[in-house]
Q: 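One structure follows; several queries about it will come next.
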Amino acid sequence: MPATASATPALAEHATQARAAGPADRRRHVVVIGAGIVGTVCAIEMLRSGRQVTLLNPHAPAGEEATSYGNAGWLSSHSILPPAGPGMWKQVPGYLLDPQGPLTVRWGYLPRALPWLWRFLRSGRTPAHVARTAHALRQLLRDAPALHARLASEAGVPHLVAQRGLLHAYRSRADFEADALGWRLRGEEGIAFETVEGASLRAQEPDLASAYGFGVRVAEAGHCANPGAYLAALVAHAQSLGARWVTGQATGLHIEAGRLHAVRTDQGDLPCQGAVIAAGAYSRPLARAAGDRVWLDTERGYHAMLDVQARAGERPPAGPRTSTMVMDRKLIVHQMAHGLRVAGQVEIAGLHAAPDWRRARILLGHLFDLYPSLPRAALEDGARFWMGRRPSTSDGLPCIGPASACADVIHAYGHGHVGLGASARTGRVVAQCMDGQPPEIDLAPFRPQRWRR
Ligand SMILES: Cc1cc2nc3c(=O)[nH]c(=O)nc-3n(C[C@H](O)[C@H](O)[C@H](O)COP(=O)(O)OP(=O)(O)OC[C@H]3O[C@@H](n4cnc5c(N)ncnc54)[C@H](O)[C@@H]3O)c2cc1C
């Protein structure tokens, strides 16, 4: 399609600006493909380093379509373990047979998912594999609460990010000890945690079901009180720093002689000298257009929200005092600014299947089990459900770094379960890559080319 044939006025304006940029100022104009939390933070960091930035996204800013809208809000600098640890494959049949379990596979999608799933289950097959992933993720997540607190403050929403610690709830000490490898590796990465048991846990979490008798508190971790509102504020902040918003979908890249000339979109070409692929779970075809085959699929997840809110000066009627991950049910319960959220589930069903709201109802059932004093009859009918697509690589590490076909294109997707937390440092290192500067962390584990033989 000719660049200007169907271009909107906004795109025509971009074309003029791109032509005006001199050859000495390569990568002056960067298009960020995807305005989830990762793309938006990349945009802010590149604006800081003096670039002209366009955010390209198919939907209005911070809408429910972005996975960043509805996550559990954990800024967990300690979430450094790959989703699949040693021996996890042995638990998979049990999960799949349990109708209330945390994992489900749509059988029609299984043949397509199998090669990814096989790699995914093998990625943490030995303690050494888990340790390597943990070390890499720690570099990305270290300081996440502080980095987000700074971003939130700059964006005028400091109240949305807090560093108040997070809790992992186990039924018993024995269950905690069964997770010893993970906690040992966290300790080796310098993460401090304290355990709390029996009456002490009861005193701290009086509403939590008594079946849970053991907790682990991680004080350095933080949380976000409304991920959708936070994303909206960051997009507005990027715009206030000069970012332009284009509603549209990237369909490809115009690369010639190793240089980027435009991002192809369903609205026409968007001329630019740099691009960041940050389309979350939808990034694979764009990665291919940039010369890289990546093992990216989606682990879909759900949330249910209840209208449980603190009135001025009061506590909500029931729920966690500290945002809590319930370890055997693999879900997070978090008192958000706008209601009580339970989030979790992994559904392997690809990008395009309709949501299966039974998965969100399962979460809701768990929530009422876990906090029996919640007034179920009054709350259940008003529950709101959401489904999102975690962008998940087969080895549990995101893809960050320059593309093979052209160094003007930087990959920034695949953050799986930790994209909210990890977005802050990802934005910084993407801006450093775009500037041709050495990144502040070692990007070798995140190379998009790492699956090449
Ligand atoms: C239930 C659940 C709970 C979670 N809890 C947490 C948590 O507590 N803490 C945490 O750190 N992480 C959590 N996550 C993970 C986190 O939400 C994701 O890792 C993160 O949101 C990914 O951000 P992203 O910007 O890469 O993708 P997205 O937020 O999905 O944004 C990608 C954007 O790209 C757009 N796009 C797609 N295709 C194109 C195209 N061709 N052209 C232009 N734009 C395109 C999409 O519309 C979207 O707006 C959770 C996820 C789920 C599902």
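Ligands are counted one by one from 1 in listed order, and the atoms in each one are counted from 1 as well. All values below were derived from every heavy atom in this structure, side-chain atoms included, with hydrogens, water molecules and symmetry-related copies excluded.
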Q: What I want to know is whether T67 and ligand 1 share at least one N or O pair that is separated by under 3.5 angstrom.
A: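 Indeed, backbone or side chain, T67 has an N or O that close.
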Q: Should you measure from each heavy atom of G73, which atoms of ligand 1 turn up under 4.0 Å away?
A: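 Every atom of ligand 1 under 4.0 Å from some heavy atom of G73: 7 (C), 8 (O).
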Q: Indicate whether the side chain of R390 and that of T298 have a donor and an acceptor atom separated by less than 3.5 Å.
A: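 The answer is no; no qualifying pair exists.
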Q: Quick one: which ligand 1 atoms are inside 4.0 Å of a heavy atom on I33?
A: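 Answer for ligand 1: 42 (N), 43 (C).
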Q: Go through the steps for L260 and Q273 under the test side chain to side chain contact (heavy atoms under 4.5 Å, CB included), then give the verdict.
A: CA-CA 6 Å; L260 179 71; Q273 301 84 41; over 6 Å; no
Q: Check this for me - ligand 1, E299, N or O atoms closer than 3.5 angstrom, yes or no?
A: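 No, since none of the N or O atoms of E299 sits under 3.5 Å from an N or O of ligand 1.
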Q: What do you reckon, does A281 have a nitrogen or oxygen under 3.5 Å from a nitrogen or oxygen of ligand 1?
A: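 A281 vs ligand 1: no N/O contact under 3.5 Å.
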Q: Is any N or O atom of G388, backbone or side chain, closer than 3.5 Å to an N or O atom of ligand 1?
A: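 G388 vs ligand 1: no N/O contact under 3.5 Å.
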Q: Just wondering, do S323 and W74 contact through their side chains at under 4.5 Å, heavy atoms?
A: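 Sidechains of S323 and W74: in contact.
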Q: Taking N or O atoms only and a 3.5 Å limit, does N57 qualify as a polar contact for ligand 1?
A: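 Yes; the residue has a nitrogen or oxygen that sits under 3.5 Å from a nitrogen or oxygen of the ligand.
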Q: Test the R359-Y302 pair against the cation-pi criterion, namely NZ or CZ under 6.0 angstrom from the six-membered ring centroid and within 45° of the ring axis.
A: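 No - R359 does not lie over the ring of Y302 by the 6.0 Å and 45° rule.
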Q: Please confirm whether I332 comes within less than 3.5 Å of ligand 1 when only nitrogen or oxygen atoms on both sides are compared.
A: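 Between I332 and ligand 1, no N or O pair is found under 3.5 Å apart.
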Q: Give me the ring orientation class for W357 and F385: parallel if the planes are under 30° apart, tilted from 30 to 60°, perpendicular past 60°.
A: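 Correct class here is parallel.
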Q: Answer with side chain, backbone, both or neither: which part of Y302 has a heavy atom less than 4.0 angstrom from an atom of ligand 1?
A: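 Backbone only.
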Q: With a cut-off of 4.0 Å, which atoms of ligand 1 are near a heavy atom of V38?
A: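 Once the distances to V38 are compared, the set is 23 (O), 24 (P), 25 (O), 26 (O).
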Q: What about the rings of F176 and H168, do their centers lie closer together than 6.0 Å?
A: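 Not close enough - the centres of the two rings lie 6.0 Å or further apart.
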Q: Give me the residue, atom name and distance of the protein heavy atom closest to atom 4 (C) of ligand 1.
A: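 Answer for atom 4 (C) of ligand 1: N71 CB, 3.2 Å.
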Q: Do any nitrogen or oxygen atoms of S68 lie less than 3.5 angstrom from nitrogen or oxygen atoms of ligand 1?
A: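 Yes, there is a polar N/O contact under 3.5 Å.
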Q: Taking atom CZ of R293 as the centre, report whether more than 12 heavy atoms of other residues, nucleotides or ligands fall under 6.0 Å from it.
A: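 Open.
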Q: Is G419 close to ligand 1, meaning an N/O of one under 3.5 Å from an N/O of the other?
A: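 Yes.
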Q: Heavy atom under 4.0 Å from ligand 1: found in Q249's side chain, backbone, both, or neither?
A: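 Both of them.
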Q: Just by distance, with hydrogens left out, do R217 and Q204 show a side-chain donor and acceptor under 3.5 Å apart?
A: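 Per modelled atom types, R217 and Q204 side chains form a pair under 3.5 Å.
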Q: List every atom of ligand 1 that sits less than 4.0 Å from any heavy atom of V418, numbering the atoms from 1 in the order shown and giving each element.
A: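 In order of number, 10 (C), 11 (O), 12 (N).
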Q: For L56, counting its heavy atoms only, list the atoms of ligand 1 lying under 4.0 Å from any of them.
A: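 Counting atoms of ligand 1 from 1, those under 4.0 Å from L56 are 43 (C), 44 (N).
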Q: Any luck finding a side-chain donor-acceptor pair between W451 and S394 under 3.5 Å?
A: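 Distance-only check passes for W451 and S394.
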Q: Which ligand 1 atoms are under 4.0 Å away from a heavy-atom of I37?
A: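 It comes down to these atoms of ligand 1: 23 (O), 25 (O).
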Q: In this structure, is the centre-to-centre distance between the rings of Y413 and H411 below 6.0 Å?
A: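 Yes; Y413 has its ring centre under 6.0 Å from that of H411.
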Q: Ligand 1 and A422, any nitrogen or oxygen pair closer than 3.5 angstrom?
A: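 So ligand 1 has no N or O lying under 3.5 Å from an N or O of A422.
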Q: Is the shortest N/O to N/O distance between R389 and ligand 1 below 3.5 Å?
A: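 Looking only at distances, the answer is no, because the N/O contact criterion of under 3.5 Å is not met.
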Q: Check whether the side chains of R329 and H366 place a donor and an acceptor atom closer than 3.5 Å, and report yes or no.
A: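 There is such a pair between these side chains.
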Q: Does R186 qualify as a cation-pi partner of W183, given the criterion of NZ or CZ under 6.0 Å from the six-membered ring centre and within 45 degrees of its axis?
A: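 Yes, R186 lies over the aromatic ring of W183.
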Q: Could you give me the CA-CA distance, side-chain angles and deciding distance for D297 and R112, then say whether salt bridge (charged side-chain N to carboxylate O under 4.0 Å, His left out) is met?
A: CA-CA 10 Å; D297 207 305; R112 283 194 61 189; over 6 Å; no
Q: When you measure from the heavy atoms of H303 to every atom of ligand 1, does any distance fall below 4.0 Å?
A: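 The answer is no: ligand 1 sits nowhere under 4.0 Å from a heavy atom of H303.
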Q: For W74, which part has a heavy atom under 4.0 Å from ligand 1: side chain, backbone, both, or neither?
A: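 W74 to ligand 1: contacts from backbone and side chain alike.
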Q: Any luck finding a side-chain donor-acceptor pair between T104 and E347 under 3.5 Å?
A: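 The criterion, which ignores hydrogens and geometry beyond distance, is not satisfied for E347 and T104.
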Q: Can you tell me which residue and heavy atom of the protein come closest to atom 38 (N) of ligand 1, and the distance to 0.1 Å?
A: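 Protein heavy atom with the smallest distance to atom 38 (N) of ligand 1: Y282 CB, 3.4 Å.
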Q: Need the ligand 1 atom indices (1-based, order shown) with element for anything under 4.0 Å from a heavy-atom of A278.
A: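 Atoms satisfying the 4.0 Å criterion: 32 (C), 34 (O).
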Q: What atoms of ligand 1 come within less than 4.0 Å of a heavy atom belonging to G34?
A: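 Counting from 1, the qualifying ligand atoms are 33 (C), 34 (O), 35 (C), 43 (C), 44 (N).
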